[in-house]
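Below: the structure, in structure tokens.
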Amino acid sequence: MAFTVINTTDTLEQARVKLNNLTTNDFGDPATLAGAGLSATSICGAVVEIAGVAFSAAGWVIRDSSSSIQAVGAGQTLDVKGTSNQINAVVSNPDTLTISLTPNITISGNFTTTAGNITASGNITASGSLHTLGTVEISGNTIRSTDSSRININDTFRATAFESSTALAILDEFTGAGIFPRIRSTRADKVFLFDVLPLFNTSILFEGSSADDFETTVTVTNPTADRTITIPDITGTLITTADTGTVTVTMLAGSITGGKLLDDAITEAKIADDAVGSDQLKNVVQLNILNSSAGILKTIYGAGA
């Protein structure tokens, strides 16, 4: 395309002559456009009009979601390119372009969908630090609800261990002589507060200080009515029927009263067979029955005066 130079020293007449020559020699007379069947009255308009005629006959255009248009004319090539983590583009006969997602997709920015579902048969890996699914937010290894203080799980939820927010209470499993569910307190005094009324089936087992095959079991007979066993407000040792020598004099509230030892208070039913011997009688009197040779046939003991 020709060009002309207008100097700062040119007069207006000189500038007019140069522009007229430029129009005549380079752009031509716009009036000749009509003779070519064009309705445009300018060179730029004619170019646009010619392009429209050419593309409608032998070309086509590409338009994106923002309505931006790119014309593809006859003899031109449309390249569809995608990296290994974006798209797959396959051209097949006849005149078919198939675009699909790759098995592994990497998105460097934010991915937002306002409607519809996303289904993946493989794994989804997100390297960002904050992810939100509906009202559930995942930040690192922390999961929370963005619209409440609770997350509901409708199915069985399993974990290696459950901890309170300060890790003072732990629910896990203990593996020793078998596998046992365990509730622990990490306090130095091992206190665990039960603000409930626990209801046990039949027994309570105590492992003791050593985890082994031996436990102490506290059990109850099936109650036929409401029963109450009161543990007194005192430090001491519980007594069982198998104790021997555990009850001491200091454990008795006063002495045994005379009323418990009256003649009619100690009945025959309270004395075991052969339980009363000569040592239990005061001032024992011994009566011997002799035979003719002065041998003792029978000895009778009785209480003396």
Side-chain angles (χ1 to χ4, degrees), residues 62-68 80-90 98-213 215-218 220 231:
I62 302 173
R63 181 168 57 193
D64 60 19
S65 58
S66 64
S67 297
S68 297
V80 180
K81 299 179 179 180
T83 62
S84 59
N85 56 18
Q86 292 179 351
I87 62 172
N88 287 326
V90 179
T98 302
I99 298 177
S100 63
L101 297 176
T102 60
N104 299 316
I105 302 173
T106 301
I107 300 174
S108 58
N110 296 327
F111 181 78
T112 303
T113 177
T114 57
N117 300 322
I118 298 176
T119 302
S121 59
N123 299 324
I124 298 177
T125 301
S127 58
S129 59
L130 181 64
H131 312 281
T132 302
L133 302 175
T135 60
V136 176
E137 180 183 274
I138 303 175
S139 177
N141 61 351
T142 301
I143 302 176
R144 75 177 188 95
S145 172
T146 59
D147 63 349
S148 70
S149 59
R150 179 178 63 195
I151 293 180
N152 297 324
I153 299 176
N154 293 332
D155 295 322
T156 300
F157 186 79
R158 290 187 178 184
T160 302
F162 293 91
E163 295 183 352
S164 61
S165 59
T166 58
L168 287 178
I170 300 176
L171 173 62
D172 61 1
E173 291 183 347
F174 171 77
T175 302
I179 301 178
F180 304 96
R182 176 176 59 175
I183 300 176
R184 290 187 292 152
S185 170
T186 59
R187 287 170 51 100
D189 55 9
K190 301 300 181 182
V191 169
F192 198 105
L193 176 62
F194 286 90
D195 192 12
V196 295
L197 181 63
L199 181 63
F200 300 94
N201 289 331
T202 58
S203 303
I204 303 175
L205 273 69
F206 294 91
E207 178 63 56
S209 59
S210 301
D212 50 30
D213 292 334
E215 292 82 29
T216 297
T217 301
V218 178
V220 296
I231 298 177

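- Heavy-atom neighbours of I153 CD1 from other residues, nucleotides or ligands within 6.0 Å: above the threshold of 12.
- S66 and D64 share a donor-acceptor pair across their side chains, judged by distance under 3.5 Å alone.
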Please table the atom pairs, donor to acceptor, closer than 3.5 Å between any side-chain atom in residues 126-143 and protein atoms at least two apart or in another chain.
from, atom 1, to, atom 2, distance (Å)
H131, NE2, G128, O, 2.9
E137, OE2, R144, NE, 2.9

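- Going from atom OG1 of T216 over to atom CZ of F206 covers 8.0 Å, rounded to the nearest 0.5 Å.
- The side chain to side chain donor-acceptor pair (under 3.5 Å) analysis of residues 197-206, with sequence neighbours excluded, yields the pairs S203-T219.
- By the salt bridge (charged side-chain N to carboxylate O under 4.0 Å, His left out) test, D147 pairs with no residue at all, sequence neighbours left out.
- Pairs passing the salt bridge (charged side-chain N to carboxylate O under 4.0 Å, His left out) check and including a residue from residues 184-199, sequence neighbours excluded, read D172-R184, R187-D189.
- Under a 3.5 Å cut-off, the side chain of S185 and the backbone N or O of V191 do form a donor-acceptor pair.
- The aromatic rings of F180 and F174 sit parallel, their planes meeting at an angle under 30°, below the 60° perpendicular limit.
- Take F194 and apply the ring-ring contact (aromatic ring centres under 6.0 Å, His included) test, not counting sequence neighbours, and it matches F192.
- In terms of heavy-atom proximity, E173 sits nearest to R182 at O-NH2, 4.2 Å.
- Panel note: side chain T186, backbone I170; no donor-acceptor pair is recorded below 3.5 Å.
- Judged as a side chain to side chain donor-acceptor pair (under 3.5 Å), the pairs with a partner in residues 152-171 (not counting sequence neighbours) are, in order, R150-N152.
- Atom-to-atom distance recorded for N88:CG and I99:CD1 is 10.0 Å, nearest 0.5 angstrom.
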